Amino acid sequence: MSEKILHSYSGIFDTPDEIIHAAEKTVEAGYTKFDVNTPYPIHGMPKAMNLEPSKLGYAALVFGLSGTLTALFVMYWMAAIDYPITVGGKPFFAFPKYIPIMFEVTVLAAAIGTVSTMLFFFFKFPNNAHPLHDTSYMKKVSSDKYGLIIQADDPKFNEDEVKVFFASLHAKDVEPVYYDMEDINASPKIYDKKFIGGLALTFILVSGITYFTLNKLMFMVPFNWMMYQDKLTVQEKSSVFPDEFGVRAPVAGTVARGFMPYEFPNEPELAGEVLLNPLVPTEKNLALGKKKYDTYCSPCHGDFGDGDSRLRGQFPNPPSLHSEKVRNWSDGRIFHVITMGQNIMPSYSSQLTREEKWATVLYVRALERSKNAKESDLK
Amino acid sequence: MSSTIDYSQELSVVEGKPPLRSIDDAIIKPLDSKPDKKYYMALAVTISMLGIGVIGLALSFYYGTGLWGNNNPVGWGFPIVNFVFWVGIGHAGTLISAILFLFRQKWRTGIARFAEGMTIFAVMTAMIFPAIHVGRPWLAGYLMPYPNQHSLWVNFTSPLLWDVFAVSTYFTVSLIFWYVGLIPDFATLRDRTSNKIKKIIYSVFSLGWRHSNRHWQHYEMVYLILAGFATPLVLSVHTIVSFDFAVSIIPGWHTTIFPPYFVAGAVFSGFAMVQNVLIFIRKIFNYEHIITLDTLEKMNKIILLTGMLVGYAYGMEFFIAWYSGVQPEQFAFVNRAFGPYAWAYWIMVSCNVISPQLFWFKKIRRSIPVMFVVAVFVNVGMWFERFVITVTSLSRDFLPSSWAYYTPTLTDFAILIGSFGLFFTLLLLFTKTLPVVSIAEVKAVVDGAQPSHKDH
């Protein structure tokens, strides 16, 4: 007994009317550190105990609103900023379509947040070491009795007075409740061997399972069936065709969509005469031309067509595009160079579409004009 | 005796005036006693059903989803029908625990815990279906927006993604709601049990609850807040499920009546399922005085009401199809009622619209065998409703050249049977591991359990 500290005095009542009365009297007597334990909430008890209304509503509001805003912000950032993708022609920031998820996240955040606030912040749960646990008092109020305790740390607490007070309320089974010194002095169990062991085991298990799933399971039958399918891919050997090629050549004379063969592969001069630039130098066409020129031509020809390549001698520098010869060429002739290449300059047919080539030509023309402007251009 | 019921005043929720301790005894008895033969027989049946489902799923995973009847143009088939059906079953639980709580319907106390449990199990069962329907469920993690190696995010404008959020939120919040309700009961169990291992388990889950009135006050507030959130949540879940259909442009789906119509249907089928199961529970565990005949009668009234809402929606769909003047829309509905799936349509109408009309008669509302049969019909009918909606519209859309008749396969049926097996197995295990009636809440509504409040 000597190592036990008094926590409180407890008394038991039989009916809800009695406990309400007892709570009112306790408040009147000036006790503040007391509690009423009942198997279910009793109507009117907060008033009898003089408790302030619960503030959990504010927690719900804060958590709920932060859920709403987080959802809105996250969706906005992901769908409109980080990786915008057009879906069904809707704007990237499609607010009406975000409402369902905003609502769901609001409810989720509010529910989890409010309940956690109550359990872990207000009640300081889990707490299975409270002195009231495992007392005969607790066993009664847990089932069908109504109990009152007055704590020893109440400023007005006096053992004899409290006993008299309980007697005046006609309480039954008035008993002291003690702290257990061992419980109080118990050190945190975090460094316990079992706990650390359990943690390590969890770690090994989780990483092992993850490793197995991602590196082994996905490559086992049947999980790999999507990966290895009964079909030939480009470079594979075929056992079906006599020439053993997986890829089949198109039937002779077929032309794939959008791949019209070039009409003048070996006649640059004819091309220069016959081909006409279908584009006019609008802002849009010049912008396209500049984009393509900067990407595909500028590494060799230089940003302004001067032949000052960025290749530092790894490739012979091309001649300037401002030469009289090129300036006097027709658009079609330049088109021919882009399409077929010229001596060591390779063809750009696979990188540029017909339209892009013509736009590039327009841009080359603009570059030439900028260095050899006519008198009339200055006006 | 039924004719002597006086409806003019509120009846006491719990019949008689049982001492509080006897309520503990009655509710906790199944947890403390060894299950009897009947229980094992029931479990054997449900586990066999579950086994059939597991075989169906194993085959589907091994050989692929080609084992199912799903094909062009009916890509949705059984998995989606079952998903909508099971999510709907769940709705009754939240309706009972949250909406009826807000309306201060005391009769809900006896059945709320059980119904919430059914919600959780039904949603768990439901979640299997979209997961397997994606074909490779082990990649379902991609449904969550997390930073990944593709630096891609999910499509927030798709109703299917809303569904992911709605159903997972619904599951989480229902679980929290359920657990919060269980905390005081765990404390009561903890203080009663003499078994050491049980005591540890109950202590852990009770979190050290002390039945303190300083706590009860916050607890009641949290319960109110959760009910307040769960109410719009439950409405939103089936609304969003209906968006899966309504946001598309398939004739028969693209209608604004879908959200309320789906919610009414969900409550309808959910109540029927809860009623069916409760009839067994109250009989087996002798809870007749807690889950009273009055409670069942009230549930039957809700079934009648929601049944008529659903019937109204069926009629309105036809009216709007005609009134809209849109040909494919008109065709879709004529095709439903008189096309190749007319058999399913008329099963649906007779089960959902006609059979609940019996509940206009008080005798039938209070006759257990008859109400049981009617509720079974309602469940069958509601399953067919989802079948009719999903399959008829897909099998004949705008392009007649792509029309096809959908026939489910044996594997489809195996998985459907398995889903019932899973649901009922979980329910049976629940009845033996947790108090199926909320101890604290029932005590609070016994006559004389609240102070007489002479002063106010």
Side-chain angles (χ1 to χ4, degrees), chain A residues 16-17 20 35-46 49 51 54 56-57 60 64 74-75 78-79 82-83 85 87-88 90 94 97-98 100-101 103-105 107-108 110-112 114-115 118-119 122-123 125-130 132-133 138-139 141-144 213 222-223 225-226, chain B residues 19-21 24 61-64 136 138 145 151-153 155-158 161-162 165-166 169 172-173 176-177 180 184 187-188 190-192 203-204 207-222 225-226 229 232-233 236 240 243 440-441 443-444 449-453 456:
Chain A
D17 282 329
I20 286 270
D35 203 351
V36 174
N37 303 80
T38 54
Y40 52 87
I42 306 271
H43 294 175
M45 185 56 88
M49 286 172 74
L51 298 178
S54 173
L56 278 170
V74 163
M75 285 188 283
M78 288 176 180
D82 187 49
Y83 201 136
I85 296 181
V87 180
K90 294 174 199 82
K97 295 221 147 194
Y98 293 170
I101 293 185
F103 172 77
E104 300 300 330
V105 177
V107 171
L108 189 65
I112 296 179
T114 317
V115 170
M118 175 183 82
L119 291 178
F122 281 22
F123 297 175
F125 278 174
N127 178 5
N128 276 306
H130 194 276
L132 279 182
H133 286 311
M138 197 69 221
K139 295 220 152 81
V141 298
S142 196
S143 174
D144 57 349
T213 319
F223 300 99
W225 281 3
M226 275 283 184
Chain B
L20 298 186
R21 191 167 280 274
D24 285 356
F61 287 152
Y62 194 80
Y63 292 108
R136 290 191 286 166
W138 48 94
S151 68
L152 260 177
W153 302 108
N155 175 11
F156 291 109
T157 59
S158 160
L161 189 80
W162 305 345
F165 275 83
T169 301
T172 318
V173 173
I176 292 176
F177 204 14
V180 167
T188 301
R190 169 198 69 200
D191 291 333
R192 255 179 80 101
S203 298
V204 168
L207 298 174
W209 179 261
R210 298 193 291 278
H211 298 286
S212 156
N213 270 271
R214 290 181 190 272
H215 291 176
W216 277 125
Q217 188 208 8
H218 294 301
Y219 180 90
E220 288 200 291
M221 177 56 91
V222 143
I225 291 172
L226 282 182
F229 275 114
L233 175 66
S236 84
I240 290 177
F243 282 167
E441 278 190 49
K443 281 180 189 165
Q450 295 298 347
S452 38
H453 288 301
H456 46 241

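Since this is a predicted model, take the numbers as computed values, not measurements. Convention: sequence-line order gives letters A, B, ...; per-chain numbering from 1.
- Interface summary for chain B: among A:G88, A:A79, A:P100, the most heavy-atom pairs under 4.5 angstrom belong to A:P100.
- Heavy-atom distances place both the backbone and the side chain of A:M78 under 4.5 Å from chain B.
- Both the backbone and the side chain of A:P39 come within contact range of chain B, judged by heavy atoms closer than 4.5 Å.
- Contacts of A:L108 with chain B are made by both backbone and side-chain atoms, with heavy-atom separations under 4.5 Å.
- Only the side chain of B:I176 comes within contact range of chain A, judged by heavy atoms closer than 4.5 Å.
- Between chain B and the residues A:V107, A:N127, A:D35, the largest count of heavy-atom pairs under 4.5 Å involves A:D35.
- Only the side chain of A:V87 comes within less than 4.5 Å of a heavy atom of chain B; its backbone N, CA, C and O stay farther away.
- Within the 4.5 angstrom heavy-atom criterion, atoms from both the backbone and the side chain of A:F123 approach chain B.
- In this structure, the side chains of A:L56 and A:F122 come closer than 4.5 Å at one or more pairs of heavy atoms.
- Looking at A:I112, the atoms closer than 4.5 Å to chain B (heavy atoms on both sides) sit in the backbone and in the side chain alike.
- In this structure, the side chains of A:L119 and B:V222 stay at 4.5 Å or more apart for every pair of heavy atoms.
- Ring orientation note: the planes of B:H215 and A:F125 are nearly perpendicular, at an angle over 60° on the 30°/60° scale.
- Of the two parts of B:F61, only the backbone, made up of N, CA, C and O, holds a non-hydrogen atom closer than 4.5 Å to a non-hydrogen atom of chain A.
- Ranked by heavy-atom pairs under 4.5 Å with chain B, the first of A:V74, A:L51, A:V115, A:N128 is A:N128.
- At least one side-chain heavy atom of A:M138 sits under 4.5 Å from a side-chain heavy atom of B:H211.
- At least one side-chain heavy atom of B:R190 sits less than 4.5 Å from a side-chain heavy atom of B:S203.
- For A:D82, the side chain to side chain contact (heavy atoms under 4.5 Å, CB included) partners at least two apart in sequence or on another chain are A:W77, B:W153.
- The side-chain heavy atoms of A:I101 and B:F156, taken from C-beta on, include a pair separated by under 4.5 Å.
- Under 4.0 Å is where a charged nitrogen must lie from a carboxylate oxygen, and between B:K443 and A:D144 no such pair does.
- No part of B:S158 comes within reach of chain A, as not one of its non-hydrogen atoms sits under 4.5 angstrom from that chain.
- B:P232 touches chain A through backbone and side chain together, each having a heavy atom under 4.5 Å away.
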